[in-house]
Amino acid sequence: MEEEDTRDYGEPCVQCSVVNWGLTDEGRFYCKSCHNVIERTKEVLTSDVVPNTKIQSISRGFRKRKKIDKGWEWYVCEGFQYILKKQAEALQTLGVCPQMKDEILCNFWRRYLQKSKQAYCTTPASYTSKALSISDISTDMDSEPERISIHGLSSFSESDGDLQTESSFGHVSSIGNASARETTSICSGSVDGGSYLLKRKKGNLRMSMPMTLSFCYIALLWLREPVTLSDLLRFVIDGHIPYLNAFQYFPEEMKLYGVDLKIFRVESWPVYEDVHNKMSELAAFLDLPCFPAITDSCFLHPNILCIKYLMEANLPDELHNWTCRVVKKINVGETDFLTLDPVNKSARKVKYDVLAAAIIIVVLKLLFLLDDQYEWLNANFAGKRNQKNKEGCLWFDFKKWYKIIKKSVDVEQKKLDEERARCLWKCEKPLFYSAKEKSVVLKKRQMVVNLQRQFGALSGSMQVAEKQSPSSFQLNWAEENTDGNCFHGHILEGVLQEKGNSLTTMNTKYWLCTVKLCNEKICGQLTHYKESDFPQSYQFVLNLFSFLLRVPASLIHEEVCLIEHKLFKKKLHRK
Amino acid sequence: MDSFVEQLKRGTEEEFTEESAWDGSVVNTTSSSLPAIYLPLLPRYLRHPTTRGRKATEFQETKKACLNYIQDALLQHQWQRAAEFMTNYLETLENTSAEKRMAAPEVIWRIGTEILCHHSKSSIEEFNYFAERMKNLGVKRYLKVCLEHVFHLLCNGLIDDAYQNLSLAEGWRYGEQTAAQDKELKLIQAYKGLLDYYNWDKKRKAMLELDGNFADSVEQEMHSFFRQAAVNLKEIIKIPGVWDPFVKCYVDLLEFYEDYDEVRQVLSEYAYNSKFPPNPNAHVYYYQFLKRQGESKKTLMSVLKILHEIVPSHELMLEYNAMLQKSKKRKNHRLGLEIIFTLLDFAGWKEHVKAWSCLAKQIKQILENSSKHLDWVTEEWNSRKDWWPAFHFSHYLAKRNWQENESLACEKALVAGILLGKDCKYFKYVSHQGCKAKKEKFRTMKKFVKKHSSTHLRASGVLDSCTPL
């Protein structure tokens with residue numbers, strides 16, 4: 001408080017000629033070094049708040065400290081910039097191509113700032129004061145707009161640690177907030193936190209924590225990195241990428257409180273669909289050109305992802321032949337289909353991982369029907385045959401596969417559930433809404449830490465479960481395993497038959513998950529998945545992939561329905 | 001925000017016009033006497049059901065799951081595992097939901113206490129540390145936590161520590177909270193009084209052992225303990241409630257200083273004040289005090305009468321019965337019989353020799369006394385004849401009683417013989433066994449029963465046939 005009130009009075013003290021003013025209890029100025037009380041009082045300063053301050057505080061820039069214990073004046077977008085930087089760094093340590101941070105993500109971010117009129121533009125948006133006329137500020141901003149081009153900007157690395165050197169932010173910061181600060185800064189640490197949540201202009205994308213992941217994902221997609229969205233989210237939840245309490249990486253002087261909490265505090269994990277939708281919105285918002293083509297040699301191509309998921313689900317390699325056939329039949333392997341093109345609004349933004357999983361499920365349905373009868377009959381047959389014929393390739397036995405997968409998924413699921421229940425959400429740097437709450441919150445934090453120490457000692461295992469190194473695979477079925485739990489090499493004899501030159505399925509029937517898709521606009525979704533309506537085997541397979549991708553089963557089910565409708569398009573239309 | 005509201009408004013307006021047009025047509029076709037139904041407005045965003053309601057945050061959900069794991073672990077006595085999850089659950093104190101945040105300290109306190117009470121690595125120091133933390137956690141529960149802490153210390157024999165804690169808690173002041181926790185404060189004081197009494201009792205014993213030399217100073221200390229204890233105990237006893245330990249100690253103190261009037265007043269208040277919850281012990285204490293004071297039989301009996309109404313199976317009922325028998329009034333004899341019958345209705349008395357012998361004696365007396373009051377027996381028996389044979393007089397019980405307790409079997413056989421006749425299983429078995437053992441008393445018993453077996457007819461059969469008349 002004191003600093004704020006006295007900083008504008010720069011006269012040296014008459015007694016010791018030092019400029020170090022403090023306020024007495026009565027609001028009078030005194031010299032902190034020689035304790036000389038002078039005539040000036042706080043009241044004199046009140047006139048300072050009226051019109052002229054605006055200009056004054058703009059010129060003051062934003063390096064100045066707002067209040068001694070409140071740190072710098074900072075803006076919400078800066079906070080997100082910090083978080084994005086940390087996330088990009090984490091991704092780099094995970095092995096993502098080093099271009100990602102400084103070239104791709106950074107430029108996307110700049111473009112976002114520009115498009116959302118937060119920086120790099122002639123008329124930056126001010127969140128609070130419509131009243132502020134543009135002419136007031138435009139003088140400062142002239143030099144900026146020309147600088148914007150995707151590759152022509154300084155990178156995150158260059159601006160490391162010291163955001164304030166970027167002049168553009170300096171301009172952003174002070175606009176129109178001199179008046180606003182008096183009101184909003186009381187309830188937020190950032191300058192524009194209060195107004196940030198209030199409203200957004202139509203077509204403007206507001207940053208949020210899930211949005212940071214959309215940014216990461218869009219950058220990964222641009223680079224065609226072998227990371228799916230479900231992988232990305234899994235790494236986030238497992239703590240390999242900063243997300244929860246990401247604000248703790250802010251510099252000490254960036255104080256976070258009040259409304260900022262609503263923006264930066266994370267109390268839920270990111271939701272796949274949410275991040276995905278935001279990503280496609282973002283791609284359109286940034287007005288990006290067509291993304292680099294996803295060809296059949298890319299990781300995200302269904303043919304390759306299918307291999308990965310077949311391995312992870314411990315299914316025979318031979319099934320890959322069939323997934324490829326399905327992919328070809330419904331044209332989801334085409335570059336046009338797979339490549340993200342923000343301009344093409346009607347094109348569905350492909351969920352690569354979900355698509356691949358759904359293709360595998362469709363193939364399983366083609367081969368094994370999954371109607372709770374055919375697959376078991378077939379399994380009995382294969383089982384008996386395997387017992388008789390010990391040499392040669394084993395036939396794929398659905399029952400045995402089910403038993404083994406079920407067991408290990410159950411174990412993993414239990415582990416995962418426990419792991420989730422153990423999740424610690426709070427960090428050492430506690431958050432509080434207001435200074436009033438501060439002492440209570442700090443006390444509580446201290447209490448929690450003390451008690452955690454006490455019970456931690458009682459639980460014996462003080463060792464923090466060491467972070468598992470991230471892997472794209474959650475289940476591992478090594479071929480070398482001698483326990484015979486690996487099905488990769490099993491053959492599909494018994495479900496396939498030769499017809500002419502090619503193999504066809506022995507099974508001649510198929511059932512559709514749904515005959516009619518709903519209208520997304522009316523229903524809100526294309527399909528409605530109710531577990532009990534479907535055969536147990538189908539549920540099991542769905543849940544298996546739901547576990548592997550950590551997405552709701554209904555999402556995969558929807559994709560399965562879509563594929564089926566493409567696959568049986570002709571037959572359905574003939575009806 | 002504005003645009004959203006506008007959109008909503010537009011939506012509802014459209015809705016409205018559609019609705020009214022529809023209404024008009026309906027009114028035209030149906031009888032106009034029926035008022036048109038006005039459907040509620042259906043905003044556009046509610047037109048299709050959405051699955052995206054307001055969900056609890058994952059923070060809340062994981063904490064809930066964590067709590068479930070803790071509870072499972074507690075149920076299975078996996079204290080270590082419980083402590084492990086507890087470490088992760090503690091964050092709930094910082095819950096963002098105010099409601100949950102308020103509830104958290106109590107949950108933490110209770111679970112933490114449970115773990116610390118049972119965990120093998122736990123110690124009294126750990127517990128003290130935890131209790132201190134809990135006291136700091138919320139002023140609303142301060143005194144409750146203090147009390148529980150004291151109980152734990154007492155259970156571990158740390159009486160001095162407990163006393164110290166009670167003294168601290170007694171002096172706790174926290175604005176309005178002190179008044180809000182008035183009841184807890186009273187309890188704290190009462191327990192402090194109890195410990196004062198304990199110290200007083202120790203001094204009293206010490207004084208009795210010392211002869212003269214230091215007795216004076218010890219006596220001084222003892223008196224000061226007495227004063228402290230008496231003040232606090234007296235306070236708590238004034239509040240309606242069940243305060244048996246406090247009352248006993250208080251009475252003991254007062255009796256030592258021979259303040260009998262006060263004792264009488266306290267105990268009668270404790271027993272008879274209708275604001276207090278019904279408490280058999282209150283009557284017992286009062287009765288015992290009166291007995292010590294050598295009060296008249298009449299007074300004693302009036303106390304026991306009320307006790308009989310509350311707890312007909314109380315052990316003092318035998319004493320009551322004996323008093324009634326000694327009385328000269330017939331009414332009292334009748335009541336005595338009723339009491340002993342009621343007593344034997346309770347399974348706890350099934351094998352009580354004295355109770356059975358009382359009953360046998362009383363019935364015998366009535367029969368020998370020219371059966372003048374046989375109707376008393378009949379009356380009592382009528383309500384029991386359906387179930388007593390199976391409850392008391394089965395063949396199995398005869399065998400078992402005979403094996404375990406001959407005199408019990410003998411008393412019971414006499415009663416059975418009279419009430420059920422000489423053919424009843426119990427009597428037959430016991431008398432047969434008795435005669436085999438050639439015991440004199442069985443022969444006399446048999447004779448007595450045979451002589452009065454006619455009364456059995458009157459007691460059950462004849463009276464039964466009389467009832468229609």
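Not measured: the values here are computed from a predicted model. Below, chain A is the first sequence line, B the second, and so on; all start at residue 1.
B:Glu84 has no carboxylate O lying under 4.0 Å from a charged side-chain N of B:Arg81, or vice versa, which leaves the two without a salt bridge. The pair A:Asp417-A:Arg420 fails the salt-bridge criterion, with no side-chain N (NZ, NE, NH1 or NH2) lying under 4.0 Å from an Asp/Glu carboxylate O. A salt bridge links B:Lys192 to B:Glu170: one of the charged nitrogens lies within less than 4.0 Å of a carboxylate oxygen.
For chain B, the option among A:Arg445, A:Lys444, A:Glu418, A:Lys443 with the highest count of heavy-atom pairs below 4.5 Å is A:Glu418.
Both tests pass for A:Lys426 against the ring of B:Phe59: distance under 6.0 Å to the centre and angle within 45° of the axis.
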Between B:Tyr69 and B:Phe85, does a ring-ring contact (aromatic ring centres under 6.0 Å, His included) hold up when you go through it step by step? CA-CA 7 Å; B:Tyr69 279 114; B:Phe85 278 105; 4.9 Å; yes
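Heavy atoms closer than 4.5 Å to chain A are found nowhere in B:Asn68, neither backbone nor side chain. The contact between B:Lys63 and chain A is made entirely by side chain atoms (from C-beta outward), counting heavy-atom distances below 4.5 Å. Both the backbone and the side chain of B:Phe130 come within contact range of chain A, with heavy atoms under 4.5 Å apart. With a threshold of 4.5 angstrom between heavy atoms, B:Leu137 approaches chain A through its backbone and through its side chain.
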